[in-house]
2 protein chains.
Amino acid sequence: MRWQDIDQQPCSMARALAIIGDNWTLLVLRDCFLGVRRFDDFQQRLGVTRHVLSDRLRKLTEGEILEKVAYQQRPLRHEYRLTGRGRDLYPVIAHLAQWGDKYLADSKGAPVLRIHKQCGHPLHAQLQCGHCGDIVEAKDIRVEEGPDYIGQLLPAQMTSRTK
Amino acid sequence: MRWQDIDQQPCSMARALAIIGDNWTLLVLRDCFLGVRRFDDFQQRLGVTRHVLSDRLRKLTEGEILEKVAYQQRPLRHEYRLTGRGRDLYPVIAHLAQWGDKYLADSKGAPVLRIHKQCGHPLHAQLQCGHCGDIVEAKDIRVEEGPDYIGQLLPAQMTSRTK
DNA sequence: AATAGTCAGTTCCAATACGGAACTCATAGT
DNA sequence: ACTATGAGTTCCGTATTGGAACTGACTATT
């Protein structure tokens, strides 16, 4: 299977990764959340080739994660802004950055601090269950196939097990 | 800049993505959290070529996200299991899948349900601030450079702004 | 004893994607 | 007239991928 066909799988993650799972795309999104909006700024900060950047920005725009907004006429120039859909990816970015801070930081500490405006402290991101309010880890979750997918998605040993 | 050199940047996300940001790697991790552990099972479920799978599993093992555990001798066979570090990536996977469920699902609904064992309901993942307990969105965060990186990481307009 | 099957890879080759650099096009500034 | 800005596109040599076959150490079946 080619990478460009994975969005046809019945899997939400596969479809999400078809848009943002490319090699440079999550770094583009990192910069979006830092306030970068213009082509040349992305290019200089990331060091990615212009060709690849152009392709990734196009895919993000087609996926409605970014939108092109004109910031001047004559000559017409656009900048890339996060849409609501795009901003909803923030938890992914926050947890990814926090995981990197925890396991891959060098002696100089975390390069960027994410401060929670409301309480003023560096964000310590936790995964919370919206229903009961508990903090959730991998071991607290069991998976089930949706009604239309029984017996199709999970490895055999998972369909009978609790864990 | 080549993709293989991004782990040298002073950015936790870049370093994390150097291990898990490759095209197929997050799908490999998805399957790990579904309980898949063996080479051929990954290969059949993902449809990725064996060559690429071998490479990605090696990188995940080198990054201590997976570990090779012998499950039989004669002939010696290994399976790939998530380490503690690997399980700590669960919030990333959960939010990614939820984002896909929300924006990219078709008429058949979410293919896989993640049930929170403690409360029995499908997980509604939320990003919570561990300090104050509030639910956090992108707009609630401002970024600051770490002490050793002043003036080096953020786009110019962010260093003076609040947002 | 010979054959087929399992499993985790490795090897080979053609097709695709990437990195680097230069180039385009419309316009503004000096 | 000349230079700069900004968002790309074009070109070309190199690196990576997709697909399929092959390897090697066994176990199971005939």
Side-chain angles (χ1 to χ4, degrees), chain A residues 1-9 14 17-28 31-32 35-62 66-81 155-157, chain B residues 1-9 14 17-19 21-28 31-32 36-62 66-81 155-157:
Chain A
M1 175 177 284
R2 288 175 297 265
W3 172 254
Q4 69 227 44
D5 298 329
I6 56 157
D7 59 344
Q8 286 160 31
Q9 285 189 231
L17 291 173
I19 309 176
I20 64 167
D22 264 305
N23 285 31
W24 290 96
T25 305
L26 281 164
L27 281 181
V28 171
D31 275 5
C32 289
V36 178
R37 291 183 182 160
R38 297 191 184 175
F39 190 92
D40 278 20
D41 292 336
F42 286 112
Q43 203 272 318
Q44 283 170 40
R45 288 177 54 86
L46 297 173
V48 65
T49 58
R50 306 175 75 81
H51 186 188
V52 172
L53 177 60
S54 173
D55 177 75
R56 299 299 187 271
L57 289 170
R58 187 179 48 74
K59 281 183 188 160
L60 285 167
T61 307
E62 286 171 2
L66 300 180
E67 58 185 345
K68 290 177 80 163
V69 179
Y71 67 88
Q72 70 171 37
Q73 313 288 333
R74 296 200 324 280
L76 183 59
R77 295 262 183 267
H78 296 100
E79 60 182 13
Y80 295 90
R81 291 197 197 177
Q157 75 270 19
Chain B
M1 177 178 283
R2 289 176 297 263
W3 172 256
Q4 70 226 44
D5 298 329
I6 56 157
D7 59 344
Q8 287 161 29
Q9 285 190 232
L17 291 172
I19 309 177
D22 265 304
N23 285 31
W24 291 96
T25 304
L26 280 164
L27 282 181
V28 171
D31 275 5
C32 289
V36 178
R37 292 183 183 159
R38 296 190 185 175
F39 190 92
D40 278 20
D41 292 337
F42 285 113
Q43 203 273 318
Q44 283 171 41
R45 289 176 54 86
L46 296 172
V48 64
T49 57
R50 308 176 74 80
H51 186 185
V52 172
L53 177 60
S54 174
D55 177 74
R56 298 298 187 273
L57 288 171
R58 186 179 49 72
K59 281 182 187 159
L60 284 168
T61 307
E62 287 171 0
L66 301 180
E67 57 185 345
K68 290 177 80 162
V69 178
Y71 66 89
Q72 68 171 37
Q73 312 289 333
R74 296 200 329 279
L76 184 59
R77 294 258 184 271
H78 299 283
E79 60 182 15
Y80 294 90
R81 292 198 196 177
Q157 76 269 20

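Every chain is numbered from 1 and lettered A, B, ... according to where its sequence line falls, protein lines coming before strand lines.
- In this structure, Arg58(B) reaches neither bases nor backbone, as no heavy-atom distance under 4.0 Å exists between it and the strands shown.
- Listed nucleotides dA8(C), dG18(D), dC26(D) differ in distance to Arg38(B); the shortest reach to its side chain belongs to dA8(C).
- Put simply, CZ on Arg45(A) is 15 Å from P on dA7(D), counting in whole angstrom units.
- Atom-to-atom, CG of Leu53(B) to P of dG18(D) comes out at 11 Å; the value is rounded to the nearest Å.
- The CD atom of Gln9(A) lies 10.5 Å from the CG atom of Leu17(A); values are rounded to the nearest 0.5 Å.
- Note that CH2 of Trp24(A) is 9.5 Å distant from CZ of Arg56(A), once rounded to the nearest 0.5 Å.
- Spacing between atom CD of Gln43(A) and atom C1' of dC18(C) amounts to 14 Å, rounded to whole angstrom units.
- The distance from atom CG of Asp5(B) to atom P of dA15(D) is 13 Å, rounded to the nearest whole Å.
- Within the model, atoms OG1 of Thr49(A) and CH2 of Trp3(B) stand 12.5 Å from one another, a figure rounded to the nearest 0.5 Å.
- No engagement by Gln44(A) is indicated, since no non-hydrogen atom pair under 4.0 Å with the nucleic acid exists.
- In this structure, Arg2(B) places its CZ atom 14 Å from P of dT14(D), rounding to the nearest Å.
- Rounding to the nearest 0.5 Å places CZ of Phe39(A) at 5.0 Å from CZ of Arg50(A).
- Arg77(B) comes within contact range of at least one nucleobase, with a heavy-atom separation under 4.0 Å.
- Nearest-nucleotide assignment on DNA chain D puts the 5′-proximal partner with Gln4(A), out of Gln4(A) and Leu76(B).
- Within 4.0 Å (heavy atoms only), Glu79(B) reaches no atom of the nucleic acid at all.
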For nucleotides 8-11 of chain D, tabulate all protein N/O to nucleotide N/O atom pairs closer than 3.5 Å, reporting atom names and distance.
| residue | atom | partner | partner atom | Å |
| --- | --- | --- | --- | --- |
| dG8(D) | OP1 | Lys68(A) | NZ | 3.4 |
| dG8(D) | OP2 | Tyr80(A) | OH | 2.4 |
| dG8(D) | N7 | Arg50(A) | NE | 2.8 |
| dG8(D) | N7 | Arg50(A) | NH2 | 2.8 |
| dG8(D) | O6 | Arg50(A) | NE | 3.1 |
| dT9(D) | OP2 | Ser54(A) | OG | 2.9 |

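- For the pair Gln72(A) CD and dC25(C) C1', the computed distance is 14 Å after rounding to whole Å.
- Ranking dG20(C), dT17(D), dG19(D) by closeness to the Thr49(A) side chain, first place goes to dG20(C).
- Ion pair Asp5(B)/Arg2(B) flagged as a salt bridge, since at least one NZ, NE, NH1 or NH2 atom sits closer than 4.0 Å to an Asp/Glu carboxylate oxygen.
- Taking for each of Gln73(A) and Trp24(A) the nucleotide of DNA chain C with the nearest heavy atom, the 5'-most of the two is the partner of Trp24(A).
- Around NE2 of His51(A), the count of heavy atoms belonging to other residues, nucleotides or ligands within 6.0 Å does not exceed 12.
- Per the geometry, CG belonging to Leu66(B) stands 14 Å off P belonging to dA8(C), to the nearest Å.
- Counting to the nearest Å, the C1' atom of dC7(C) and the CZ atom of Arg37(B) are 17 Å from each other.
- Between Tyr71(A) and dT5(D) there is no side-chain polar atom (N or O) within less than 4.0 angstrom of OP1 or OP2.
- The shortest distance between the side-chain N/O atoms of Trp3(A) and the OP1/OP2 oxygens of dA15(C) is not below 4.0 Å.
- Not one N or O on the side chain of Glu67(A) forms a donor-acceptor pair closer than 3.5 Å with the backbone of Tyr80(A).
- Arg38(A) forms a cation-pi arrangement with Tyr71(A), by the criterion of a distance under 6.0 Å to the ring centre and an angle within 45° of the ring axis.
- Both Gly47(A) and Pro75(A) sit near DNA chain C, but only Gly47(A) has its closest nucleotide nearer the 5' end.
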